[in-house]
Number of protein chains: 2
Amino acid sequence: MHTVAARAGVSIASASRVLNGVGGSPETVRRVREAAAAVGYVPNAIARSLQSQRTGLIAFAVEDIGNPVYVAMMRAIEAVVAESGHQLLVHATGGQVASETALLRRLAHRYVDGMIISPIRITAAHVAALTTTPVPVVVIGQLADDVPVDNVRTDSRSGIALAVDHLVAAGRTRIAFLNGPLDTVPGVARDAGFRAALERHGMPVDLIEVGDFQYAPGRAAAERLLSRAEPDAIVCANDLIAVGALHALLVAGKRVPEDVALVGMDDTELAQMSYPQISSVSLGSEERGRRAARLLLERIADGALPPRREHVAPSLVIRATSGGVQ
Amino acid sequence: MHTVAARAGVSIASASRVLNGVGGSPETVRRVREAAAAVGYVPNAIARSLQSQRTGLIAFAVEDIGNPVYVAMMRAIEAVVAESGHQLLVHATGGQVASETALLRRLAHRYVDGMIISPIRITAAHVAALTTTPVPVVVIGQLADDVPVDNVRTDSRSGIALAVDHLVAAGRTRIAFLNGPLDTVPGVARDAGFRAALERHGMPVDLIEVGDFQYAPGRAAAERLLSRAEPDAIVCANDLIAVGALHALLVAGKRVPEDVALVGMDDTELAQMSYPQISSVSLGSEERGRRAARLLLERIADGALPPRREHVAPSLVIRATSGGVQ
DNA sequence: TTGTATGCGTTATCAC
DNA sequence: GTGATAACGCATACAA
């Protein structure tokens, strides 16, 4: 900038104004532009940030960037924030509470303009960090009603009910459930949803296996299930588990869906990339990502907004594994 | 900082020194620490960056963050750069040349300390941008020998040869190839590798279909292939195509591997998450990511280093779809 | 319109 | 060891 101004024979202030398109006589504009082009001037993002008090960065923090459901969210978020000139910073937390709260506290350094976080566990430490951070945060996931933080949620409890109702309507009577850890927010919600749905249909709740929200644990859980019972339908707490269960079923010689029907959750591209294609409860991942991004941008623009809650309703996508036509 | 210094009754300089752990009498240290804790002082990352001339950010630019091969790279990169206190900025370029060169030019703004980019097309515009950028860049992929930029590469040409040799040894005689676009670097390399391998075995090269490096195009390409020929083996240019081909084969009533053997490429988790599990040529994605990250950190530390080329050799992982035991 | 001067929040340099 | 002061690169009140 200094060089450009000197070369153009004007002050640094004038050069700055021209380069930002505010003010400047035609002659000044011409000379500054020429000088800038000649020396290949390009503004320094950091200095500009220091002055403007914004970095142009949005952080997205998730447990596992390999899970297709987060990839879908990330894409949706990226599309929204890119429109407003922001770039996306991705944090992989590994689901560690310490790692997530550390991230939230680090926000005070103001290295980003805002953060979208989707924790699978929400502890008191989370809430404390969330309510004291000086930088806007939007949480994707269930947040207690009294926490004054923008929040986009879905109802996986009723999502599980959609799956169960669908299977019951198809005549299935021994419906099993493969869940993730019960010390996670989605884990407890889905467990409660499954139990409530089965009880509503007057069915015994005895076919539950708990593993992790991953492929291999899902497959192992299905193997445990098949070794002790003969379900005619399996609901899975996410698509990774469902793919694992599908393979366990096929290895065990079961026909899907004739012998055992299967429904996953999250409706990721994995469900469509399996064979047979897996029915799945959509929790609107893209939509939640999109909404979260919009909420965040709004709050960055106006910090005085009241805390908002947005809700995305689940829906069932029926495919081959639950009686749809192949 | 100003507040902390005032509260501690020392100068800003002393406060800064104490907070950075350099110098300070025991008494000064105590008072500054106390004051900092009292006002909840936390350093401003931007101001610190302006002074230190580094952002602590590393960018990783890829075509599609949903492709498991890039997810694997990203994880490996993240692990390495995190050790040195860097954070990862992820760019999705969509494979657009304009988008990638724009990204490279934007590096001049110095919003990151360095970039790892894995373009599937490398044009003259790329080379021009790469050689003029003032910020360290490492390219994952084939770069011309005379381009003075750090580069981590593999040899997918010989990777394809591994797959073909394996299938020939297993007695397959009508080997097909499902490739991605021929205007991409991996596309041409894999095409050349397939042709060379088949010719080396004295086999006719007539079973090639070109689609895109995605699931649906892969499946469509396999359907086109099956409608016009009866291959007894299929080599796929990546795992997404392979999964699509597997499904096309199963829909067509083919037994895999009895009727048709299948080998993918990239050895992503997708290959293990399919049923039957897909044999795949590993191109060492994690290893390439790790090496690229190390090269970048070294160059950031010492810009005078000569340009380096690192090579990761491909290897074949045999699974169920190519005659391995189920 | 233009230039001067100041501030953004830190760190580094230099006398003391 | 400490404090005043000058950077870092830019944007902007204010006065001219």
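None of the values given here were measured: they were computed from a predicted structure.
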Within-4.5 Å side-chain heavy-atom neighbours: B:F60 and B:V81: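 SC-SC contact between B:F60 and B:V81 ruled out.
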Compare all side-chain heavy atoms of A:P134 with those of A:R110 and state whether any distance is below 4.5 angstrom.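 In contact.
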In plain terms, say whether A:E78 and A:R75 are close enough for a salt bridge, that is, a side-chain N and a carboxylate O under 4.0 Å apart.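 No, this pair does not count.
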Any ion pair linking A:R290 and A:E287 (charged N to carboxylate O, less than 4.0 Å)?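 A:R290 and A:E287: salt-bridged.
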Go through DNA chain C in 5' to 3' direction and return only the first and the last nucleotide with some atom under 4.0 Å of chain B's heavy atoms.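 Nucleotide range with atoms under 4.0 Å of chain B: C:dG9 to C:dT13.
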Could you tell me which residues satisfy side-chain contact (heavy atoms from CB on, under 4.5 Å) with [X], sequence neighbours excluded, listed by chain and number?
| X | value |
| --- | --- |
| B:R308 | B:D150, B:L295, B:E298, B:R299, B:L305 |
| A:L130 | A:L104, A:V137, A:V139, A:L143, A:V149 |
| B:I12 | B:M1, B:H2, B:A5 |

Through what angle, rounded to 10 degrees, does the axis of the helix from C:dT1-D:dA16 to C:dC16-D:dG1 turn between its ends, using five pairs per end?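 About 50° separates the two local helix axes.
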Can you list the steps and then say if A:E34 with A:R31 is a salt bridge (Lys or Arg N to Asp or Glu O under 4.0 Å)? CA-CA 5 Å; A:E34 198 173 293; A:R31 280 163 51 193; over 6 Å; no
Say whether A:E63 and A:T93, considering side chains only, have a donor N or O and an acceptor N or O under 3.5 Å apart.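 There is no such pair (donor and acceptor under 3.5 Å, judged by atom type) between the side chains of A:E63 and A:T93.
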Side-chain donor/acceptor of A:T154 to backbone N/O of A:V312, under 3.5 Å: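 Yes, the answer is positive, given that a donor and an acceptor are paired below the 3.5 Å cut-off.
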At a cut-off of 3.5 Å, list every protein nitrogen or oxygen paired with a nitrogen or oxygen from nucleotides 9-13 of chain D, distance to 0.1 Å.
| unit_1 | atom_1 | unit_2 | atom_2 | d |
| --- | --- | --- | --- | --- |
| D:dG9 | OP1 | B:Q53 | NE2 | 3.1 |
| D:dC10 | OP1 | A:Y41 | OH | 2.7 |
| D:dC10 | OP1 | A:N44 | N | 3.0 |
| D:dC10 | OP2 | A:M1 | N | 3.4 |
| D:dA11 | OP1 | A:N20 | OD1 | 3.4 |
| D:dA11 | OP1 | A:N20 | ND2 | 3.3 |
| D:dA11 | OP1 | A:R48 | NE | 3.0 |
| D:dA11 | OP1 | A:R48 | NH2 | 3.1 |
| D:dA11 | OP2 | A:S16 | OG | 3.0 |
| D:dA11 | OP2 | A:N20 | ND2 | 3.1 |

